Protein chains: 2
Amino acid sequence: MEEITNARGYPIGAMSRETGVNIETIRYYERIELMPKPDRTPGGNRQYSHEHLQRLSFIRRSRELGFRIDEIRAMLRMVDQDGVSCGEVHAMTVEHLASVKEKIAQLRKLERALSDMAAECAKGDIPDCPIIETLFRA
Amino acid sequence: MEEITNARGYPIGAMSRETGVNIETIRYYERIELMPKPDRTPGGNRQYSHEHLQRLSFIRRSRELGFRIDEIRAMLRMVDQDGVSCGEVHAMTVEHLASVKEKIAQLRKLERALSDMAAECAKGDIPDCPIIETLFRA
DNA sequence: CCTAGCGTCTGTAGCGACTACAGATGCAAC
DNA sequence: GTTGCATCTGTAGTCGCTACAGACGCTAGG
C-alpha cells in the first residue's frame, strides 16, 4: 500500500524497509554479485525496480531458512535460466533439511550435557565446582 | 598410555593429537592470550606442560559445548583466581543452556518449513517449481 | 534561491573463530 | 651428514555481514 511503486523506482532505504534487509547488506549483495547492479539517478543514487525487490525478498527468505549464499546463488541461476529444474532445487532443499536435522540432534546432546552439568552444581560458592570439574576431567 | 609424559614436555603436535585441537588453532589461542605462552626448546619450538594440556582440553570441551571464547576466558579467569565461584559458572551455564534451547526451537521451525516445501515439490522437471514459488511469494 | 537535514555514496576495516598458506628453520633417526 | 617430518613466524583468506568516516544527493520549508 505504498504510493512509491515503480514511478521512479525504489531508493535503497525503501528496499531495506520493504524486505527487512539492512542497507549495508544490500550493497554487500551487489558487491558479491548476488544482486544485479541497479540503475542510478543522475546524482548517483541507486534506483531499484520491482524485480529487484522480488529478488531481494527471495534472498532474505532463503537466508532465513539458513541457505548459504552460494546455495542461493545456485538457485537464482536456475531461476534466471528460464527453465527452472525443479529436481535440483528439490535436492538442495532435501540436503539442507538433512543438515538442519543433524544440527538439531547435536544441539540436543549439548542441551543434555549442559543441563546435567547445571543440575549437579550446588550453585553455592563451594570449592571444587562440579561444572569446572567436568570440563577439566579427561 | 603414552610414554612421552612430562620428561621434556609436549611439542605442539602432541598437544594437538591429545586434545584434538588443530595446531594452527593452538597457536591462535596463544596469540589471543587464551593459552599462556609455553617454554621453548633452545631452537625455539614450543614445549608444553601437563597443565597446558589440561587447560587446552578444558577449552576444547567448552568449545564443543558451544561456549564462546570470551565465556571460556571468563571461566578460566575464575579457575585461575584460586577460589572458584561456582555461582557465576552455574549462571553462565544456565544462560548458555537457554540460548541452546532457543536455537533448537528456531531450527525446528526451519525444519518444518523446509520439509513442507520439499513435500509440495513434485520433484520432476516441472515449470513453476513450488519451492521457488514459495521463496518468491511475498 | 538557499539552507537544513536527512538519505545515500564509496571505501575500508572489523567481527568471531579459525584456516591456509609460504618460506624458513628445528630436530631425530639412520 | 643427510633425509625428511615437525615446527616456526607472519600474513591473508574464510563467511556473512556490520560499522565506521567523510563526502555528496535530494527534498521541503522559508
Side-chain angles (χ1 to χ4, degrees), chain A residues 2-4 7-35 37-48 52 56 58-76 96 99 103 106 110, chain B residues 2-4 7-35 37-48 52 56 58-76 96 99 103 106 110:
Chain A
E2 292 262 6
E3 288 300 295
I4 315 168
R8 233 157 266 165
Y10 310 86
I12 199 165
M15 288 285 278
S16 178
R17 253 173 283 120
E18 299 279 320
T19 61
V21 177
N22 194 321
I23 290 180
E24 320 267 31
T25 306
I26 298 173
R27 287 197 281 252
Y28 167 71
Y29 286 159
E30 183 180 330
R31 207 162 58 244
I32 63 169
E33 293 182 294
L34 190 61
M35 283 291 289
K37 287 184 197 297
D39 288 348
R40 299 283 184 140
T41 62
N45 286 15
R46 289 170 179 80
Q47 292 256 266
Y48 292 98
H52 282 108
L56 187 56
F58 179 97
I59 295 168
R60 204 217 56 194
R61 272 189 284 274
S62 304
R63 284 294 298 136
E64 263 175 15
L65 292 174
F67 285 97
R68 271 171 295 125
I69 296 285
D70 54 3
E71 291 176 321
I72 298 172
R73 210 188 286 276
M75 292 198 286
L76 285 170
H96 186 57
S99 86
K103 208 172 278 174
Q106 277 181 356
L110 212 158
Chain B
E2 292 263 5
E3 287 301 294
I4 314 166
R8 234 158 265 165
Y10 310 87
I12 198 164
M15 288 285 278
S16 176
R17 253 175 283 118
E18 298 280 320
T19 61
V21 177
N22 194 321
I23 289 180
E24 319 267 29
T25 306
I26 298 172
R27 287 198 280 254
Y28 167 72
Y29 286 160
E30 183 180 330
R31 207 161 59 245
I32 64 168
E33 295 181 290
L34 190 61
M35 282 292 289
K37 287 183 197 299
D39 288 350
R40 300 284 184 139
T41 62
N45 286 16
R46 288 170 181 80
Q47 291 257 265
Y48 292 97
H52 281 110
L56 187 57
F58 179 97
I59 294 168
R60 204 219 57 195
R61 270 190 285 276
S62 303
R63 284 294 299 135
E64 261 175 17
L65 292 174
F67 285 97
R68 271 170 296 125
I69 297 284
D70 53 4
E71 290 175 321
I72 298 171
R73 211 189 285 277
M75 293 197 286
L76 285 170
H96 186 57
S99 88
K103 208 172 277 175
Q106 277 181 356
L110 213 157

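Each chain gets a letter, A, B and so on, in the order its sequence line appears, and its residues count up from 1. Only a predicted model underlies this, so the values are computations on that prediction, with no experimental measurement involved.
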Test log, rule side chain to side chain contact (heavy atoms under 4.5 Å, CB included), inputs A/Ile69 and A/Arg63: CA-CA 8 Å; A/Ile69 296 285; A/Arg63 284 294 298 136; 3.9 Å; yes
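- If you find the closest nucleotide of DNA chain C to A/Asn45 and to B/Thr25, the one lying nearer the 5' end belongs to A/Asn45.
- Taking 4.5 Å as the limit, every side-chain heavy atom of A/Leu34 sits out of range of all side-chain heavy atoms of A/Tyr28.
- Phosphate proximity of C/dG16 to B/Tyr28: absent, as no side-chain N or O sits under 4.0 Å from OP1 or OP2.
- When the shell of 6.0 Å around CZ of A/Arg68 is examined, it contains 12 or fewer heavy atoms from other residues, nucleotides or ligands.
- In this structure the side chain of B/Glu71 never reaches within 4.5 angstrom of the side chain of B/Ser62, judged on heavy atoms.
- Within the 4.0 angstrom heavy-atom criterion, base atoms lie near A/Arg27.
- The overall bend of the helix from C/dC1-D/dG30 to C/dC30-D/dG1, read as the angle between its terminal helix axes built from five base pairs each, is 10° when rounded to 10 degrees.
- Dashed line: the shortest gap from a side-chain N or O of B/Arg40 to OP1 or OP2 of D/dT9 is under 4.0 Å.
- The residue A/Ile32 sits apart from the nucleic acid: no heavy atom pair falls under 4.0 Å.
- When distances are taken from the side chain of A/Glu24 to each of D/dC8, D/dC20, C/dC9, the shortest belongs to D/dC20.
- Considering only side-chain N and O atoms, A/Thr41 lies nowhere under 4.0 angstrom from the phosphate OP1 or OP2 of D/dG25.
- The shortest side-chain heavy-atom distance between B/Val21 and B/Met15 does not fall under the 4.5 Å cut-off.
- Of all nucleotides listed (C/dC27, C/dA17, C/dT10), C/dA17 comes nearest to the side chain of B/Ile69.
- Taking side-chain N and O atoms only, A/Arg46 has a distance below 4.0 Å to OP1 or OP2 of C/dT10.
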